[in-house]
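What follows is a set of notes on a single structure, which appears directly below.
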Amino acid sequence: TWRRPPLDGAGSWTHLYGQPDNAANSGDELLGATEAGQFDVQWLGRPGPDAMTDRNPRKPSPLAAAGRVFTQGLKRVIAQDQYNGAILWTFEMPDLQRVNMPRDCANWCVDREFLYLAVREMCIKVDAATGERIDAWPVGTGKQDAGAFWGYLVSLGDQVLGSSVRPEAVFTNIFGGSGEAWADATKGPVTRKVLSDALFAVDKAKGKRRWTRRKGLIINPTLTVGGGTLYFLECRNKKVMAGAARAVESPELWKDLWLVAVDPSTGKQEWEREIAPTAGSVVVYLSWAKDTLLLLCSGSKYHVYAYSARDGED
């Protein structure tokens, strides 16, 4: 048997926005192509719309790595050969549901060997080639994590990074439930930002937790890994922290706000800086590129801020 080796310069899409840096860039060099006319369709067909969720609820993006593409349908996972579209495996998982990605983080990621799924209070490790479930790790075992769901999920070397979030904060209703259109809402319940109570790392091979951080409330869409460092916005406002809600859109969310850098291998803080950006009442994102952190806060206007990834300076 002869198998064609990977294409030179081929990229991957292993997380919601390409890579853990949220830069929406696969790194694919496109074999040097410079225009769309240099490409041809390779396959067209399954899985089709029957197993899918409508686009408006904003489900997690498909993933692609090691010649496989993974699609998350309606409580279903589908794996295909990315070169010819053949269905490799599929399974249903009733509790695999998360929507409203602009205000949260994705519930899955992939590396070359395994697919990782955040399902309620567990992270499930799946063989990417066969769909076999290999292992499952709880979000936590202590009283502080009692009843918490697994929020953030990133594959990073020999560990996965995760966060604990209260169940009621996670968006799972594909119909929105607020009377407003998912795609166009600029206010109301569907614009609330999901906040995590703690961050942690789990060893992929042993399933053991390596470290845990609890300080403020982490704004999930800002969790970013770039250049070997984990970054995020952390709200330390006493009123927000003391409240029961972890899906929040209030003026207090943007007060006492800190930009934080953490070593993901140890959980130790590298630096922090208090910042006061314009409230991201519609969406807020953080991404990393070329040793720079880019923060987008949008409301009635777009506001973009750039910070040094080394120390947080403007």
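Along the sequence shown, residues are numbered consecutively beginning with 1.
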Hey, could you give me the CG/CZ distance between Leu117 and Arg120, rounded to the nearest 0.5 Å?
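If I round to the nearest 0.5 Å, the distance is 15.0 Å.
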
Point-to-point distance, once rounded to the nearest 0.5 Å, from CD of Gln38 to CG of Leu31
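If we round to the nearest 0.5 Å, Gln38:CD and Leu31:CG are 10.0 Å apart.
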
Could [X] and [Y] be called an ion pair, given the rule that one side-chain N must be under 4.0 Å from one carboxylate O?
| X | Y | result |
| --- | --- | --- |
| Lys75 | Glu92 | no |
| Lys193 | Glu249 | yes |
| Arg166 | Asp197 | yes |
| Glu234 | Arg213 | yes |
| Lys204 | Glu113 | no |

Can you check side chain to side chain contact (heavy atoms under 4.5 Å, CB included) on Lys239 and Glu252, steps first, answer last?
CA-CA 7 Å; Lys239 182 177 179 180; Glu252 288 76 20; 3.8 Å; yes

Hydrophobic cluster (4.5 angstrom, side-chain heavy atoms) - remaining members for Leu253:
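In the cluster with Leu253 are Leu195, Leu217, Ile219, Tyr231, Leu233, Val240, Met241, Val248, Trp254, Leu257, Leu259, Trp271, Ile275, Val284, Leu286, Trp288, Leu293, Leu295, Tyr305, Tyr307.
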
Starting from Ile87, walk the hydrophobic network (Ile, Leu, Val, Met, Phe, Trp, Tyr; side-chain heavy atoms closer than 4.5 Å) and list everyone else you reach, by chain and number.
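Under the 4.5 Å side-chain rule, Ile87 groups with Met52, Ile78.
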
Residue pairs involving residues 70-92 (criterion ring pair (Phe, Tyr, Trp, His ring centres under 6.0 Å); sequence neighbours excluded):
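Qualifying pairs: Trp89-Phe91.
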
Residues two or more places apart in sequence or in another chain: which of them pass side chain to side chain donor-acceptor pair (under 3.5 Å) with Thr229?
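Side chain to side chain donor-acceptor pair (under 3.5 Å) check on Thr229 returns Glu270.
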
By salt bridge (Lys or Arg N to Asp or Glu O under 4.0 Å), which residues pair with Arg46, not counting sequence neighbours?
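So Arg46 forms no salt bridge (Lys or Arg N to Asp or Glu O under 4.0 Å) with any residue.
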
Salt bridge (Lys or Arg N to Asp or Glu O under 4.0 Å) with Arg310: which residues, sequence neighbours excluded?
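Salt bridge (Lys or Arg N to Asp or Glu O under 4.0 Å) list for Arg310, sorted by chain: Asp291.
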
